[in-house]
**Q** 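Just passing along the structure, written as structure tokens.
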There are 4 protein chains.
Amino acid sequence: MNERSFIARLNIITTMNEKKTRILAATEKLLAEFGFHGLSMQMVAKEANVAAGTIYRYFNDKDDLLNQLHDHILSYIAAQISHGVVDTMPIKQRYRTMWLNLWHMTLNGDAPLIIRGQFQNLPCRSKQERKHLSQKLFSSVATMFNEGKACGLFKNIDNEVLSILSLETSCNLARRQINGGLQINDDELEAVINASWDAIILH
Amino acid sequence: MNERSFIARLNIITTMNEKKTRILAATEKLLAEFGFHGLSMQMVAKEANVAAGTIYRYFNDKDDLLNQLHDHILSYIAAQISHGVVDTMPIKQRYRTMWLNLWHMTLNGDAPLIIRGQFQNLPCRSKQERKHLSQKLFSSVATMFNEGKACGLFKNIDNEVLSILSLETSCNLARRQINGGLQINDDELEAVINASWDAIILH
Amino acid sequence: MNERSFIARLNIITTMNEKKTRILAATEKLLAEFGFHGLSMQMVAKEANVAAGTIYRYFNDKDDLLNQLHDHILSYIAAQISHGVVDTMPIKQRYRTMWLNLWHMTLNGDAPLIIRGQFQNLPCRSKQERKHLSQKLFSSVATMFNEGKACGLFKNIDNEVLSILSLETSCNLARRQINGGLQINDDELEAVINASWDAIILH
Amino acid sequence: MNERSFIARLNIITTMNEKKTRILAATEKLLAEFGFHGLSMQMVAKEANVAAGTIYRYFNDKDDLLNQLHDHILSYIAAQISHGVVDTMPIKQRYRTMWLNLWHMTLNGDAPLIIRGQFQNLPCRSKQERKHLSQKLFSSVATMFNEGKACGLFKNIDNEVLSILSLETSCNLARRQINGGLQINDDELEAVINASWDAIILH
DNA sequence: GATGAATGAGGATTCATTCAT
DNA sequence: TATGAATGAATCCTCATTCAT
């Protein structure tokens with residue numbers, strides 16, 4: 001995903017000041033390129049074409065900037081994961097679509113920071129707060145799991161656990177493919193999707 | 001796991017200078033507590049009760065310290081994962097044992113850094129080098145997957161993928177339990193182990 | 001020469017930021033007092049009444065600071081050496097004027113660093129680059145030597161060698177007078193100027 | 001000059017502990033190679049094949065080591081400058097011999113530290129003390145100048161000044177040749193020697 | 001609101017010196 | 001006497017944050 005589309009994404013989701021948007025976009029780009037270690041506020045300012053001090057009109061401090069970025073990316077993932085999914089589709093098809101949405105997002109590096117777990121080490125807000133946000137956003141996933149359990153297709157296990165056992169393997173595999181070695185072709189990909197599906201259905 | 005036991009662990013695994021051991025132990029502790037962001041060499045020195053300069057007798061620089069720590073922890077996990085596993089046990093039993101070993105290590109915070117993926121952002125040695133080390137260490141896991149595939153029990157999928165689909169869900173769940181909300185009792189735990197097992201066996 | 005006049009000098013020669021000027025002035029002063037060995041960036045900052053970080057807005061690093069200082073001083077010497085010299089004056093008179101200009105600059109400590117050869121040990125830019133700069137600046141000296149050779153007054157020797165044999169004895173003597181012992185009165189001074197003149201004229 | 005010959009030189013000049021000699025030799029070698037900036041006591045210890053602490057049995061501190069090295073090198077130069085000179089030789093021949101001795105020493109880098117003025121920035125002993133040492137050592141030079149003045153050959157100028165005007169141009173030229181550009185062939189060398197001679201004789 | 005120069009505490013690393021062995 | 005591991009102050013440099021314009 002390029003910077004332009006990121007800005008578009010943010011502006012669709014929320015009404016947001018244009019400079020604030022540029023700052024968030026710059027931050028994500030630099031974070032993906034250099035990691036936390038290599039991210040400085042001056043770099044962000046330069047990349048966003050604003051003065052260093054301007055950042056502090058929109059964000060309390062560096063942590064606040066990173067936290068707000070986190071939330072925006074999470075919103076984006078939540079929106080993207082159900083792209084092409086409608087509640088009238090068969091559950092298996094919905095599952096496959098979401099799995100592949102996550103897979104492609106991860107491979108494309110669309111949301112590298114959250115998906116790669118890069119936000120875990122931040123001096124951050126309470127985990128509770130983050131969890132609530134997360135649950136609110138991923139309603140389409142919850143809907144799918146609930147329906148599946150209701151009709152006796154899925155195991156009767158907590159939704160979050162089901163997600164870890166099935167959908168999130170998508171991220172883990174994609175990440176491993178990016179990091180090294182692992183190569184997965186189309187046939188293998190289908191096999192993996194089905195294997196992860198096996199983990200949550202009743203046999 | 002407290003610092004004392006970490007030191008014991010390192011000294012069991014290798015013959016190692018006592019001060020070098022203290023430095024590694026201090027680094028792990030601080031990393032778990034503050035993350036990469038908040039780790040300074042001064043802190044490490046203070047925690048290890050050595051002078052700042054002393055660290056540089058045993059490690060070339062900060063990266064070297066972190067890399068050596070990575071390798072030691074990886075060795076530890078590799079050793080612990082097959083604790084109580086013998087090749088004559090039924091495959092399912094071996095799997096369950098390993099799954100629980102990983103589960104408890106993660107919950108205990110024995111190896112928080114690798115398990116939490118905290119080493120992925122390091123300015124590090126080649127991914128190839130790391131992968132080789134990793135493969136060498138986890139032979140008991142590979143043996144299990146190979147046997148399972150040979151006797152028609154497991155799906156014919158690459159070992160690394162099988163691991164992500166099944167064993168590593170253990171870490172992901174445990175981590176989520178630590179981070180917030182999620183509570184899993186003993187019955188649920190068995191259900192989850194079986195669900196992850198379903199992902200890799202043929203049906 | 002005191003610090004104030006140094007600042008004035010720099011500002012005359014070039015348009016330059018006032019803080020950058022203060023930093024250069026402080027560096028020269030401290031270098032003359034403590035030598036390279038004893039020069040730290042903190043000292044420079046303190047002497048220049050700026051914060052340590054400010055230095056790095058104007059100079060890439062310590063080497064850059066020292067190199068820029070070198071070039072400024074060289075420009076100053078080049079400007080001063082021909083003070084009071086016009087091309088219509090007899091060659092001997094031009095020579096004497098330049099010799100005394102160098103002598104007084106050295107005695108006054110106007111340009112202690114270059115004159116004392118203190119810049120020779122710098123981890124520096126290419127010698128070629130320095131030589132080119134040097135040649136460009138000292139055109140009035142070159143003109144004098146060339147005219148002198150053309151009219152059969154001077155020995156037919158490379159200009160740089162002529163300079164070492166004659167003009168530069170001025171610096172060496174002045175330096176020795178500063179460092180210790182050697183005292184030279186006005187009569188002796190004239191004798192020395194003439195002696196150095198003898199080295200380059202044909203007899 | 002290689003290290004072996006330096007050790008030989010030192011041992012000839014004075015009776016000296018063998019380890020102390022090795023330390024001085026190592027210091028000179030490293031100083032010539034890396035300059036003051038790049039010289040550490042651990043390097044010296046390693047190069048001299050002694051422990052770091054051992055240096056402090058023979059020298060009070062780093063400054064003392066450098067000062068003692070200075071004096072030894074000065075002794076060496078004083079000894080070498082009159083190599084091949086006997087008081088019965090004509091003055092001009094003595095002069096030429098000394099001039100060339102200095103020239104070759106400088107070019108060979110035999111005594112790079114003193115000759116290049118590298119010792120001037122040391123936090124050092126009093127200039128007086130150094131001057132006395134210097135005068136004591138260079139008696140053959142003083143003898144030549146005194147004889148020359150007595151027989152009406154040389155100008156009646158202080159010996160130290162005469163030295164700067166004539167002999168020391170040798171070092172300055174050689175240094176310039178090492179540092180860059182300047183190339184001097186044998187014919188030119190003779191011309192330069194004669195030019196420097198012209199500076200001090202009566203015409 | 002916006003700027004960007006200035007700040008100075010804090011970072012990793014080096015190295016002269018000491019001292020228990 | 002000799003060692004060399006250990007020290008910790010000092011080095012250069014970065015960067016989050018502020019504030020006068």
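Below, chains carry the letters A, B, ... as their sequence lines are ordered, and counting in each starts from 1.
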**Q** Take the protein atom CZ of B/R57 and the nucleotide atom P of F/dG4, then report the distance between them rounded to whole Å.
**A**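 Value for this atom pair: 10 Å.
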
**Q** Calculate the interatomic distance between A/M41 atom CE and E/dA5 atom P; express it in whole Å.
**A**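 Taking CE of A/M41 and P of E/dA5, I get 17 Å after rounding.
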
**Q** Please give, in whole Å, the distance from E/dG11 P to A/K62 NZ?
**A**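 For the pair A/K62 NZ and E/dG11 P, the rounded distance is 13 Å.
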
**Q** Quick one: which of E/dT13, F/dT7, F/dC12 gets closest to the side chain of B/A51?
**A**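 Among the listed nucleotides, the one closest to the side chain of B/A51 is F/dT7.
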
**Q** What integer distance in Å separates B/F59:CZ from F/dA5:P?
**A**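 Nearest whole value for this atom pair: 15 Å.
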
**Q** Just checking B/L65: base, sugar-phosphate only, or nothing, at a heavy-atom cut-off of under 4.0 Å?
**A**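 Here B/L65 touches no strand at all.
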
**Q** Need to verify one output field. Residue with the more 5' nearest nucleotide on DNA chain E, C/Y58 or D/T54?
**A**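 Closer to the 5' end of DNA chain E: C/Y58.
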
**Q** Considering every strand shown, what is the Watson-Crick or G-U wobble mate of F/dT21 when both distances are under 3.5 Å?
**A**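 F/dT21 is paired, partner E/dA2.
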
**Q** Quick check on DNA chain E: between B/D61 and C/N49, whose nearest nucleotide comes earlier from the 5' end?
**A**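 Looking at the nearest nucleotide for each, C/N49 comes out on the 5' side.
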
**Q** Is a side-chain donor or acceptor of C/K19 paired with a backbone partner of C/I55 at a separation under 3.5 angstrom?
**A**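 Not a single qualifying donor-acceptor pair exists.
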
**Q** Atom CD1 of C/I55 and atom P of E/dA5: how far apart are they, to the nearest Å?
**A**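 About 17 Å, once rounded to whole Å.
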
**Q** Would you give the length of the straight line joining atom CG of D/L65 to atom OG1 of D/T27, rounded to the nearest 0.5 angstrom?
**A**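 Atom-to-atom, D/L65:CG and D/T27:OG1 are 4.0 Å apart.
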
**Q** Rounded to whole Å, how long is the line connecting atom OH of B/Y56 with atom P of E/dA12?
**A**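 So the two atoms are 6 Å apart, to the nearest Å.
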
**Q** Would you mind pulling out the nucleotide paired to F/dT7, Watson-Crick or G-U wobble, both distances under 3.5 Å?
**A**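 When the pairing criteria are applied, E/dA16 turns out to be the nucleotide that pairs with F/dT7.
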
**Q** Are any of A/K19's side-chain N or O atoms less than 4.0 Å away from OP1 or OP2 of E/dA2?
**A**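 Looking at the OP1 and OP2 atoms of E/dA2, one of them is under 4.0 Å from a side-chain N or O of A/K19.
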
**Q** In whole Å, I'd like the distance from the CG atom of D/D64 to the C1' atom of E/dT17.
**A**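 About 14 Å, once rounded to whole Å.
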
**Q** Does the C/T54 side chain pair with the main chain of C/V50, one donor and one acceptor, at a distance under 3.5 Å?
**A**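 Side chain of C/T54 to backbone of C/V50, a donor-acceptor pair under 3.5 Å: no, none is there.
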
**Q** Got a donor-acceptor contact below 3.5 angstrom from the B/K62 side chain to the B/L39 backbone?
**A**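 Between the backbone of B/L39 and the side chain of B/K62 there is a qualifying donor-acceptor contact (under 3.5 Å).
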
**Q** For A/A52 and D/G53, find the nucleotide of DNA chain F closest to each by heavy atoms; which residue's nucleotide sits nearer the 5' end?
**A**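 Between the two, 5'-proximity favours D/G53.
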
**Q** Less than 4.0 Å between a side-chain N and a carboxylate O, is that true for A/K29 and A/E33?
**A**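 A salt bridge is absent here (no side-chain N lies under 4.0 Å from a carboxylate O).
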
**Q** Given atom CD of B/Q42 and atom C1' of F/dG8, what is their separation to the nearest angstrom?
**A**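 About 9 Å, once rounded to whole Å.
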
**Q** Go nucleotide by nucleotide along DNA chain F from the 5' end; which of B/V50 and D/V50 gets its closest nucleotide reached first?
**A**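 Here D/V50 is the residue nearer the 5' end.
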
